[in-house]
Amino acid sequence: MSKFVTFEGGEGCGKTTLLEGLKAYLNQHNVDYVATREPGGLKICEEIRNMVKYSTEEISKRAELLLFSASRAELVQNYILPNLQDGKLVLCDRFYDSSRVYQGYANGLSDEEVMNVTRFATNGLVPDITFYLDIDPKVAFERKGGKDKGDRIEQRDLSYHYMVREGYKKIAEKEDRFIIIDATLSKEQVLNEVLNKLRKEGIIE
Ligand code: TMP
C-alpha cells in the first residue's frame, strides 16, 4: 500500500513515542513500511540536521528555510519517492508542515513564500495523511523536563512555541489530510487513534 503519512507537532508532543508504538504494531502485523524523519533520514540530511539544530552560528530565516528544504529535497528524491514507488507505506516524522509553522507562521515568512520553496524541494509531493499531536507548549516542556539547551530552535521563547501551535491549528483546520490528536491522552490512546484512522483508510487491517 503506497501511502505517505506524516507526523507533526511541537517540541515534546510525543511523536517519538507514538512512532515507536506504531512501528512495533506494523512489525507485528507484517506491514511493508519504512520510517524516516526530517530533517534527517539520510547521511547528508543528518548532517544538515546537526547544523540547523545545533550550530552556534546565527542563521537567517530564509537560509534556515532553505536548509530544511535542502534536506527535504534529498529525502524526497532519494528515499521517500523510491519507497513509495516500491509500494511501501512511508512514515515520516515531520515534513513540510513543520517549515510552514516553524519558519513561516512563527518566524515571519509567509505561507506563500514557504510553499513556493517547498513545492520546488518536494516536486509537489503532498502527504496522504498528516497526524498533528496537539499540546500546550508549556505543558509539553514540563513533561519533557525542560528545553534541550544546545538546540537553537527549542531554545526559542515560549511565545515562539505558542505561535508554532497556533500555526499548526490554522493549517489543520484548513486541510482535510490533517487529523488532530490530543497529545495529553495516554500513549495507548494516541496510538489507538492513529491505528483507527489507518484502518478506516484501508492502510492497515
Ligand atoms: P525533532 O525531530 O526532534 O522534533 O527536531 C526537529 C527540529 O527542527 C524541531 O525543533 C522542529 C524543527 N524543524 C523546523 O523548524 N522546520 C522544519 O521544516 C523541520 C522538519 C523541523
Side-chain angles (χ1 to χ4, degrees), residues 1-41 49 72 75-76 79-80 83-84 86-102 105-106 122 125-148 153-154 161-205:
M1 169 71 70
S2 138
K3 289 278 179 198
F4 181 36
V5 178
T6 61
F7 299 82
E8 296 282 350
E11 319 298 319
C13 68
K15 276 186 291 99
T16 309
T17 308
L18 164 63
L19 277 159
E20 274 166 16
L22 180 57
K23 285 189 261 182
Y25 179 95
L26 298 174
N27 290 338
Q28 271 169 14
H29 292 79
N30 296 316
V31 177
D32 197 9
Y33 79 97
V34 291
T36 188
R37 69 171 178 181
E38 276 216 332
R49 178 185 178 88
R72 183 162 302 135
L75 193 70
V76 167
Y79 190 82
I80 298 175
N83 277 295
L84 288 172
D86 271 1
K88 292 198 168 79
L89 166 63
V90 177
L91 309 177
C92 195
D93 182 346
R94 298 193 181 280
F95 197 52
Y96 64 72
D97 297 304
S98 286
S99 284
R100 295 172 80 184
V101 298
Y102 281 87
Y105 195 78
T122 62
L125 179 69
V126 177
D128 294 295
I129 302 175
T130 299
F131 291 102
Y132 163 54
L133 273 62
D134 179 52
I135 187 167
D136 182 319
K138 194 162 174 284
V139 174
F141 282 123
E142 274 161 17
R143 192 168 77 171
K144 82 188 275 293
K147 292 179 180 171
D148 175 353
I153 292 178
E154 210 168 296
H161 294 286
Y162 275 103
M163 289 286 279
V164 166
R165 186 188 196 195
E166 209 175 286
Y168 271 129
K169 284 184 164 178
K170 281 188 191 292
I171 300 175
E173 277 162 20
K174 272 198 317 229
E175 304 208 12
D176 288 348
R177 68 184 157 87
F178 266 85
I179 303 294
I180 305 176
I181 296 180
D182 176 357
T184 62
L185 295 174
S186 72
K187 64 177 187 189
E188 292 79 14
Q189 286 171 308
V190 170
L191 176 59
N192 264 329
E193 290 210 14
V194 170
L195 292 175
N196 286 339
K197 173 67 182 173
L198 296 179
R199 277 189 202 108
K200 202 169 139 211
E201 294 299 318
I203 294 175
I204 58 170
E205 285 177 10

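Here the structure is a predicted model, which is why all the values come from computation and not from measurement. Starting from 1, each residue takes its place in the sequence as its number.
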Non-hydrogen atoms of [X] and [Y] that approach each other most closely:
{"X": "Thr184", "Y": "Arg143", "result": "CA-NH1, 4.2 Å"}
{"X": "Cys92", "Y": "Leu75", "result": "SG-CD2, 4.2 Å"}
{"X": "Ala140", "Y": "Gly12", "result": "CB-O, 3.8 Å"}
{"X": "Ile153", "Y": "Glu11", "result": "CG2-OE2, 4.3 Å"}
{"X": "Tyr162", "Y": "Pro137", "result": "CE2-CD, 3.5 Å"}
{"X": "Ala183", "Y": "Ile135", "result": "CB-CB, 3.9 Å"}

Self-check item: Residues, nucleotides or ligands: over 12 heavy atoms within 6.0 Å of Asn27 CG
Solution: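 More than 12 within 6.0 Å, yes.
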Margin query: With a 4.0 Å cut-off on N to O distance, would you call Lys138 and Glu142 a salt bridge?
Written below: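 Counted as a salt bridge, because a side-chain N and a carboxylate O are separated by less than 4.0 Å.
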How many angstroms lie between [atom1] in [X] and [atom2] in [Y], if you round to the nearest 0.5 Å?
{"X": "Leu195", "Y": "Leu18", "atom1": "CG", "atom2": "CG", "result": "8.5 Å"}
{"X": "Asp93", "Y": "Phe7", "atom1": "CG", "atom2": "CZ", "result": "8.5 Å"}
{"X": "Leu198", "Y": "Ile204", "atom1": "CG", "atom2": "CD1", "result": "5.0 Å"}
{"X": "Glu173", "Y": "Lys169", "atom1": "CD", "atom2": "NZ", "result": "8.0 Å"}
{"X": "Arg100", "Y": "Tyr96", "atom1": "CZ", "atom2": "OH", "result": "6.0 Å"}
{"X": "Asp128", "Y": "Ser2", "atom1": "CG", "atom2": "OG", "result": "7.5 Å"}

Under 3.5 Å, side chain of Arg72 to main-chain N/O of Glu38, donor-acceptor pair present?
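Answer holds: no.
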Item to check | Side-chain donor/acceptor of Asp86 to backbone N/O of Lys88, under 3.5 Å | outcome: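 Here the side-chain-to-backbone pair does not exist.
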Decide side-chain contact (heavy atoms from CB on, under 4.5 Å) for Arg165 and Tyr132; before the verdict, give the C-alpha distance in whole Å, the side-chain angles of both, and the deciding distance to 0.1 Å.
CA-CA 10 Å; Arg165 186 188 196 195; Tyr132 163 54; 3.5 Å; yes
Sub-4.5 Å side-chain heavy-atom contact between [X] and [Y]:
{"X": "Phe95", "Y": "Thr122", "result": "yes"}
{"X": "Phe141", "Y": "Glu154", "result": "yes"}
{"X": "Glu8", "Y": "Ser98", "result": "yes"}
{"X": "Ile129", "Y": "Arg177", "result": "no"}
{"X": "Leu91", "Y": "Phe131", "result": "no"}
{"X": "Glu193", "Y": "Leu185", "result": "yes"}
{"X": "Arg37", "Y": "Arg49", "result": "yes"}
{"X": "Leu89", "Y": "Leu26", "result": "yes"}

Would Lys23 count as a cation-pi partner of Tyr33, with NZ or CZ less than 6.0 Å from the six-membered ring centre and within 45° of the ring normal?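 Judged by the rule, Lys23 and Tyr33 form no cation-pi pair.
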Could you go through Glu201 and Lys197, starting from their C-alpha distance and side-chain angles, then the distance that decides it, and tell me whether this counts as salt bridge (charged side-chain N to carboxylate O under 4.0 Å, His left out)?
CA-CA 6 Å; Glu201 294 299 318; Lys197 173 67 182 173; 2.7 Å; yes
- For the pair Tyr102 and Tyr168, name the ring-plane relationship: parallel under 30°, tilted 30 to 60°, perpendicular over 60°.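 Perpendicular, since the angle between the ring planes exceeds 60°.
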TODO: Test Asp97 against Phe178 for side-chain contact (heavy atoms from CB on, under 4.5 Å), laying out the working first.
DONE: CA-CA 10 Å; Asp97 297 304; Phe178 266 85; 3.6 Å; yes
